[in-house]
Structures are given as C-alpha cells and as structure tokens.
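I have placed the structure first, in the form of structure tokens, so that the comments after it can refer back to it.
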Amino acid sequence: MDPQPELKITNTLTRAKEAFRPIDPSHVRMYVCGPTVYDFAHVGNARPVVVFDVLVRLLRRLYPRVTYVRNITDVEDKINARAKENGEPIEALTARTAAQYQADMDALGAERPDVQPRATHHIAQMITLIERLIAKGHAYAADGHVLFAVPSMPDYGGLSRRDRDDMIAGARVEVAPYKQDPADFVLWKPSSDDIPGWDSPWGRGRPGWHIECSAMSWEHLGETFDIHGGGLDLIFPHHENEIAQSRCAFGTHTMANYWMHNGFVTVEGEKMSKSLGNFYTVHDVLKEWPGEAIRLLLLSSHYRAPLDFTSAGLKEAKAQLDRLYQALRNAADVAVEPEAPAGDELMAALLDDLNVPLAVARLHEAVGRLNKATDPAERSAAKSALLGGGALLGLLQADPEAWFQGGGDDDLDPAEIERLIQARVDARKGRDFAEADRIRDALKANGVELEDGPQGTTWKRAG
RNA sequence: GGCCCCGUGGCAGAGUGGUUAUGCAGAGGACUGCAAAUCCUUGUACAUCGGUUCGAUUCCGGUCGGGGCCUCCA
C-alpha cells in the first residue's frame, strides 16, 4: 500500500504549490468569501462555491473534522441602493436574496457550509476589532469614520505584492480628505438616518467592507486558521485588507496559512457586465439546464484558470453526464459497496492542487471500464470508482432513471409512455416494423427516445 | 505606469524534457429488423523567434496576441 499522498495547493501568499499542513490536523478550518445579497447569483458567483465545495469534500476525506465557513454579507451600500430602488425594506431584500442563493447553490450540488454567518450578526465583534486596532495604533477615527492606517503595518501588501506607492499612483479614486494616508481604508463609516446603522463609540454608523470577514472568521475559526478562499479579484483590496486588520488586531504573523483564489468566469468569450447585458444568473440557467451540468461546466477547467461559460459548454457538460449516467443505468444491477472509494488516480488528481479536469477524465476512464467489462467483479469495481469519484466531485449522485426521465412536466406522462412502448413491443413481435417505427417516431416527436436493450426497451427524455 | 495570468488538435481541456491525456464533434466498422446505447478503428496539436540541451510543446529570454487587478466586483 502506498502511503497516502499529501494534498498540495497553490498558495497565493507564496505563488507556489505547497504541501498542505493544517494548524491542527484534528480540525481543519476554512473560510470562503460569500455573497452580498442584493441580487441573483450569477455563474461567476457560483464558481468559487463549486470549487471550494470540491475542496471541502476532499478535506473531509482526509481529516476527521473540517469547519467550513462562508459568510453572507447583508449590510452593504449596494443593498441599500437596491432596496430603495425596489421600494422594499432592506431585511426583505436580504432575506429573499439569501434564500434564493441557498436554493441556487443547492441546485448546483454544493453542500452547505458548516456556518453561514451574517455580517449584521457580528457588528459587536467588528466594533471590538476596530477598538483593538485603534488601541494598538493601527487605526484612527476621523470625521465620523474610522480608518485603518496602512503605514502602521510595515509589511502591508504581501498578498497582492503591491508596492504602496504604486497603488497610490494608480488609484482611480479620489482620496478622501479625512485620510491620513491615501492608502488608508475604511473600517467604519457614519450612517445617515435613512440607512442601516449601529451605535458605536464613533457614533451611529456601519462597517466598511473588509472588517466583516475579519470579524466573522475570528468568531468562527479563531485568530488564525488554515485556508481562506475566494475569487481572484478579491486579492486586492479585500483580502489584503482583511489580512491587515486581523494580523494587526491580534498581533499574529498570519491570518490564514493558505490563500486560494479561483479564476474569473467569462460568458461567451466576454466579461460579464451589465452594459453588455450578458449576465447569466444561476437562476435563469437552471430553467434550461440541470444544475449538475452547470456544476460540471464550472468544474471543467482548473480552478485557477479562466473559464468561459457558454451554451456550447453546457451542451457538452450535459452530453458528458448523459454518457456517465447511461453507464450507471446500464449497470443498475451491478452491486457496489456503500461509501465506495474514489480510486487512487482520481484521488491523486485532486490532491495535486485540485486538478478537477483530470479527475473528471478519470471518471470517463472508469466509465469505459464499466461499459467494456463483462467480469462481475471488474464491473463492480468500475462502478464503485465512478460513484466514489463522483461523490468526491459532487457528481453522479442522482438516480440514473431520474436523470433521463425527470423534468418534462408538460410532456407525456410515464404511464402513457409505457403503454406505447408495450404497443410497440407487440408490433415488433408481429414483425410489424412499420407500426413499431411509427410509435417510436411519435414518441420522439414528443421528446422521448427509446432504446431496445437486452433487458427490454427503456426510454429517456431527449435533452 | 505597477502587479499577475494565459496562448495545446474542429471544439472544450489536462499534462510532460524524449513514450496514447480525457471528453465532445467528425469518419469508417461491429451489434441492431432499422435505430438508440455500447464496443472497435481513425485524427501525428502544442502562438512566434532565439537560447540551453543529445533532444523542448514542456526550461530561459525576446516578440506578437488575449485577459485580470490597481479601494469596496466572485
């Protein structure tokens, strides 16, 4: 038996692939930046959810306990603006959007994080952090605001490898007059009466963007933890500033040991943008495609590489899943042990910085073995590899019959389909192939395709 | 201007200093009443120019092309 190879992940802090060594091997702790709840999640929002879902599944196989925290940002100026626009209370907007987010991510097969803290439930912790930062000389109050004093942290910028002076030179935003240094960023800002605010030592106000993640990761994972994830675009300023806040508040050398960032999603070759009107929301795509196909498409390139989300890609993802489920359907009678292992090769692919595309290729190879093999033990092993590997990737856990026959609410009902199939079987027995083909064509016209196999005729809804 | 990433066969997409990725699509064949599903066969790809090397798609440098970030966007 080979020893279990170790997990390697690319750490943005070092820009290198490193062996993963948890702070406490009996309890791995991970934080991923979650949504700001003011609108439907788009496919770009969904990518980190799916990517880190695979990582958590893998970590749970490797370590006895994993705590996965993904926040919900429910206080933010965009939320305020949208609520005003809609003429609805902020709580109504955030509650509805958060519920929709949950439903969409469930549909993508993402397991729910262990904790989904809300920013508004952690105002006290934020204030505590800010007070500590002020006490330690890393922050100052000015004009109703509290700002983080970037020059007070000598090694600020380590994650994004940004020189402070360059940042200022390239800054696109006017420097506010209350800033002592152009690079300083807001921890707390005053709220007017018509927007959410909380009492604080600096008057009624609301938190800046970055402080919530420092507060929530502290509350649920401690001063330092193992992995912090999110989209590439969050490296600067968000994650850089989180690091500054947490490390300066706690006097620690590190906030999280490993920082992982997923690449951007484009749509039909273009960046999603409101002006182009090419936002694909998960909610909309789910109307036409199975969540599992969306998931597979989001996993089809390596997590750090860019991903082009296209309808052709959805079609191919669906076709791949059809092939995989077809094999499972044909092997319905093959017994497998529960909790099947994933297979060494698939496991090795994931351990190598989450090489999901290679892992999916292993799945296809397992399908080939399953389809080809006649030996029962071989078939059972191949099916186990397929289901076990699928479980690790969050794929192939549906019932194959449901995969092929589900959906299509306004089409023929299954009983009618079965009746027609029987009629066709009778016609074929009488060698009346004209009638048999007529029935098959009629069903096909209604989106139902037949397959004559050794065990009789099966059907599926055409995708 | 600063920091970072990418350029693989029709498409998607891994990987490697010298040997088949994988899938989709296409072509031929087997099976089938005909199909479908499945199986078999098939496609000599690595932007470009130099360098290192016995040998580079893989390492180094230049060029061209594309993309991201640079204060609140996953």
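Reckoned from all heavy atoms, side chains included, excluding hydrogens, waters and symmetry mates. Order of the sequence lines sets the chain letters (A, B, ...), proteins ahead of strands, with each chain counted from 1.
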* Could you work out which one of A35(B), G33(B), C72(B) sits closest to the side chain of Asp452(A)? => A35(B)

* With respect to the side chain of Asn262(A), which nucleotide from G33(B), C70(B), A74(B) is positioned closest? -> A74(B)

* To do: Could you please name the option among U38(B), C70(B), G33(B) that lies closest to any side-chain atom of Arg440(A)?
  => G33(B)

* When you match Ala436(A) and Arg304(A) each to their closest nucleotide on RNA chain B, which lands nearer the 5' end? -> Arg304(A)

* Determine the sole option in Glu401(A), Glu292(A), Lys460(A) for which the side chain to side chain donor-acceptor pair (under 3.5 Å) test with Tyr325(A) is passed. => Glu292(A)

* Candidate nucleotides C73(B), A14(B), G33(B), ranked by approach to the side chain of Ser301(A) - the nearest -> A14(B)

* Asked: Which heavy-atom pair separates Ser380(A) from Val334(A) by the least distance, and what is that distance?
  -> CA-CG1, 3.5 Å

* Tell me: CG of Asn355(A) to C1' of U16(B), nearest whole Å? -> 13 Å

* Asked: Do other residues, nucleotides or ligands put more than 12 heavy atoms under 6.0 Å from Glu416(A) CD?
  -> yes

* Asked: Given the P atoms of A14(B) and U53(B), what is the spacing between them in whole Å?
  -> 33 Å

* Below 4.0 angstrom from OP1 or OP2 of C40(B), is there any side-chain N or O of Lys372(A)? -> yes

* Asked: Is the number of heavy atoms from other residues, nucleotides or ligands under 6.0 Å of Arg15(A) CZ greater than 12?
  -> yes

* For G67(B) and U8(B), measure between their P atoms and round to the nearest Å. => 15 Å

* **B/S/- contact track for nucleotides 19-31 of chain B, protein heavy atom under 4.0 Å** => --BSBS-------

* Asn371(A) side chain near C39(B) phosphate (N/O to OP1/OP2, under 4.0 Å) -> yes

* Considering only side-chain heavy atoms of Lys460(A), which listed nucleotide, A35(B), A37(B), C70(B), is closest? -> A37(B)

* Pick from Tyr101(A), Phe40(A), Trp289(A): which one makes a ring-ring contact (aromatic ring centres under 6.0 Å, His included) with His283(A)? -> Phe40(A)

* To do: For the residue pair Tyr31(A) and Asn71(A), confirm or rule out a side-chain donor-acceptor distance under 3.5 Å.
  => yes

* Between C5(B) (C1') and Leu307(A) (CG): distance, integer Å -> 15 Å

* Sidechain N-carboxylate O distance under 4.0 Å for Asp353(A), Arg304(A) -> yes

